[in-house]
Amino acid sequence: VLSTCVPLEVPQSGLAFPDWAYKAESSPGSRQIQLWHFILELLQKEEFRHVIAWQQGEYGEFVIKDPDEVARLWGRRKSKPQMNYDKLSRALRYYYNKRILHKTKGKRFTYKFNFSKLIFVNYPLWDVPPSGQIRAPLFQALQTGGNSPCPEELAV
DNA sequence: CACGGAAAAA
DNA sequence: TTTTTCCGTG
């Protein structure tokens, strides 16, 4: 699909997440959008680059550049005008135990996705879609938990 | 700011 | 069950 083994400078502009990577099914009662889904959504659009963006270097790591704005957007989506970063961040912290996210200690407003968890959440066990549908870099990141650069054992 | 307990809301 | 709200602690 793509070139060979593209290193980790991937989390940038063009690379969009394959929709299956974050199509939450295990949602609350109905099919309400989940926060991590929303975050991924913003991260995917360039118009929000100044509000929230991927951090160069660590795959899956992102920085909330404008906490108030992200909270406002989230609140608008959920019809919660009183949403703020304090409350939004509490929701993010609930993801720690679920292993969807974790905090990058020392770095303000910086969190990191655990992509291997996301793929697990959406694709139980070994039910992985054919690699032909995935962008190589992301696929590798997902397969390796989002940290290892250029794994060669992927050809399995 | 970041964390996590509690309880309420959805 | 996930998220919202509130809040004491470090």
Side-chain angles (χ1 to χ4, degrees), chain A residues 7-13 15-131 133-135 137-149:
Chain A
L8 296 190
E9 17 81 83
V10 200
Q12 37 129 285
S13 62
L15 194 127
F17 282 84
D19 45 301
W20 56 262
Y22 56 99
K23 190 163 293 180
E25 285 314 325
S26 53
S27 306
S30 55
R31 41 182 175 61
Q32 276 277 295
I33 185 172
Q34 257 139 312
L35 181 54
W36 61 274
H37 188 310
F38 179 74
I39 293 293
L40 240 29
E41 221 174 80
L42 294 182
L43 244 19
Q44 192 179 192
K45 302 175 181 176
E46 291 187 37
E47 60 249 60
F48 296 110
R49 189 70 68 68
H50 60 294
V51 167
I52 184 173
W54 291 116
Q55 183 80 80
Q56 283 304 298
E58 280 299 300
Y59 206 104
E61 190 174 270
F62 63 94
V63 184
I64 295 177
K65 299 180 179 178
D66 188 339
D68 296 324
E69 180 62 1
V70 171
R72 191 185 69 71
L73 292 167
W74 174 233
R76 182 165 68 56
R77 177 65 72 84
K78 290 289 293 294
S79 297
K80 291 295 174 185
Q82 310 313 309
M83 182 51 61
N84 56 38
Y85 181 68
D86 177 61
K87 290 184 272 194
L88 182 152
S89 62
R90 180 68 188 92
L92 290 180
R93 289 195 290 278
Y94 271 126
Y95 288 149
Y96 297 172
N97 288 327
K98 294 181 182 176
R99 314 228 51 201
I100 287 177
L101 280 184
H102 71 67
K103 189 73 181 65
T104 296
K105 294 170 184 173
K107 292 184 181 179
R108 208 165 176 231
F109 307 129
T110 302
Y111 300 81
K112 184 173 177 178
F113 273 103
N114 179 335
F115 288 129
S116 60
K117 173 60 178 179
L118 295 189
I119 195 177
F120 173 71
V121 167
N122 299 302
Y123 280 80
L125 286 305
W126 319 113
D127 181 19
V128 177
S131 58
Q133 310 178 339
I134 315 168
R135 301 290 289 274
L138 176 58
F139 183 58
Q140 292 178 355
L142 289 168
Q143 291 295 297
T144 59
N147 288 315
S148 303

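Just the heavy atoms: all of them, side chains too, but no hydrogens, waters or symmetry mates, feed the values below. Keep in mind that this is a model prediction, so the values were computed, not measured. Chain letters run A, B, ... following the sequence lines, proteins first, then strands; residues in each count from 1.
Here the side chain of A/Ala91 is nearest to one of C/dT5, B/dC3, C/dT3, namely C/dT3. In the set B/dC1, C/dT3, B/dA10, the nucleotide with an atom closest to the side chain of A/Phe109 is B/dC1. Comparing atom distances between the A/Arg93 side chain and each of C/dT2, B/dC3, C/dT5 picks out B/dC3 as nearest.
Counting any heavy atom pair closer than 4.0 Å across all strands shown, A/Leu35 reaches sugar-phosphate atoms only and no base atom. Residue-level contact check: A/Tyr94 touches the bases, meaning some heavy atom is under 4.0 Å from a base atom. In this structure, A/Tyr95 reaches the sugar-phosphate backbone alone: every heavy-atom distance under 4.0 Å involves primed, P, OP1 or OP2 atoms, never a base. Residue A/Arg108 is classed as a sugar-phosphate contact, given heavy-atom separations below 4.0 Å to backbone atoms only. Within the 4.0 angstrom heavy-atom criterion, only backbone atoms of the sugar-phosphate kind lie near A/Lys103; the bases stay farther away.
Residue A/Phe38 contributes atom CZ, which lies 11 Å from atom P of C/dT4 at whole-angstrom precision. Protein atom CG of A/Leu88 is 16 Å distant from nucleotide atom P of C/dT2, rounded to whole Å.
Using a 4.5 Å cut-off on side-chain heavy atoms (C-beta onward), A/Gln55 and A/Phe62 make no contact. Residues A/Trp36 and A/Leu101 form no side-chain contact, since every pair of their non-hydrogen atoms from C-beta on lies 4.5 Å or further apart.
A/Lys103 places a side-chain N or O within 3.5 Å of a backbone atom of A/Thr110 that can act as its donor or acceptor partner.
Residue order along DNA chain C, read from the 5' end via each residue's closest nucleotide, puts A/Met83 first among A/Asp86 and A/Met83.
Electrostatic pairing of A/Lys107 and A/Glu58 does not count as a salt bridge here, judged by no charged N lying under 4.0 Å from a carboxylate O.
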